[in-house]
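One structure is given here, and the rest of the page talks about it.
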Amino acid sequence: VSLLDMNSRRVINSKGVLNPQSKFGDDVITRIAFQNQSQENLKLLQSSIISGINLLIKELCSEQNISAKNIYAVSVAGNTVMESLFCGLPVKAIGEIPFISPFSKSMIFKAQELGIHINSSALVYIFPVIGAYVGGDIVSGMTAYDVHKMPGKVLFVDVGTNGEIVFSDNGRLYAGSAAAGPAFEGARIESGMRAGSGAIEKILIENGKLRYNVIRNKKPIGLCGSALIDVAAELLRAGVIDSTGRINSPEECPQHLSCEIRNRIHVSEDGSHFDFLICDEKHGKKIYLRQKDVRELQLASGAIRAAINIILSKAGVNSSEIDMILLAGGFGNFIRRNNAKRIGLIPDIPDSKIRYIGNASLCGAASILFCSDKMKNTDELIEKVNYVEISVEENFQIEFASAMIFPEA
């Protein structure tokens, strides 16, 4: 949530919390399943997100000594499921083929209708959505950076549990998404965690030694998504992991591999595979990159890359022709370019053509309040997008299987 001063046209402050809906499910698919069980569950999902936003509004206003009654307008951008649940709309159809969103055009409510604790007559604007899994957050990001007006071939990627992709070829727009799963957020990774205090967020191998950074310089207690990408990329470069994602035995690794790195390769308890030790008890919690963790990363990265490949194919464009990649999202902002390319997550183009744009969704939500013309144009914008339902594409399984293989050195 950002609090805006309309007179000075600036963001006063921003705050965020873990989605209160996470207690009902880690991702949108599990929340859809939870909502399907009863009408009461839909109310629970809606009230939890409204309560979370009200809490942030209260904290922001309190810190700035501002009355919440002096907030007269709100804009809301999120994925299709989140926006639907925010408005109290059932999402069952989003989770079933042919994956239909309960709305597409923008919507406007009064704050009191939704239970938002600001001026009761304040208007709440909900961004339009492109499809069931390409939501208002992407439309908001496109609006913030005028992606459709950028010259050349521009790939806009929001990396998360649902990787959303927009491609603009001089204003000719294509969009789709891929269910990457929660690996990038630390879920299903043995020592995985969200980016917070004690999380290893960066890993590199330098002069034959493994080094890492920990958020807030605490003793490490886990591994967040950016570090997961880092360690996989570094081990690929070192020859510890092969292109299939298999962690090699110490004997199979290159002769020039340092003893320090070689000694971190440990056979699993059942003897079926090898794991890689990142941190031992002397320095914090014992943290391994397990073989199954590499498989989870391959699934997540492969899904997003497959979606990118299919969209580029629809546009008749080769990845080498891309003029710019925009990486969006809180997580996307912390991915190292070289490492993302090394595992095949994004196309291998020069670093100078890859830009981090942070929370583009929040930026776009602010921009339409500062410029009413942008608000008017969002519905027109989505009409120009060629929506590609990636999961039902004939060649998706082939592309997915191919994209799960790490690129050769």
Residue pair Asp169, Lys153: steps toward the salt bridge (Lys or Arg N to Asp or Glu O under 4.0 Å) verdict = CA-CA 4 Å; Asp169 184 356; Lys153 296 172 174 58; 3.6 Å; yes
Which pairs, with at least one residue in residues 287-303 and sequence neighbours excluded, count as a salt bridge (Lys or Arg N to Asp or Glu O under 4.0 Å)?
-> Glu190-Arg290, Asp275-Arg290
Is it true that a side-chain atom of [X] and a backbone atom of [Y] form a donor plus acceptor pair closer than 3.5 Å?
X      : Y      : answer
Arg262 : Pro254 : yes
Ser62  : Lys58  : no
Ser140 : Gly136 : no
Tyr133 : Gly163 : no

Mind checking what makes salt bridge (Lys or Arg N to Asp or Glu O under 4.0 Å) contact with [X], not counting sequence neighbours?
X      : value
Glu383 : Lys105
Asp230 : Arg336
Glu321 : none

Test Lys384 against Glu380 for salt bridge (Lys or Arg N to Asp or Glu O under 4.0 Å), laying out the working first.
-> CA-CA 7 Å; Lys384 299 175 183 177; Glu380 295 177 11; 5.6 Å; no
Applying ring pair (Phe, Tyr, Trp, His ring centres under 6.0 Å), name anything that partners Tyr125, two or more places apart in sequence or on another chain.
-> Phe127
Going by the angle between their ring planes, with limits at 30° and 60°, are Tyr174 and Phe167 parallel, tilted or perpendicular?
-> tilted
Result block: side-chain N/O donor-acceptor pairs under 3.5 angstrom for residues 394-409, not counting sequence neighbours:
from   : atom 1 : to     : atom 2 : distance (Å)
Glu399 : OE1    : Asn309 : ND2    : 3.4
Glu408 : OE2    : Ser243 : OG     : 3.2

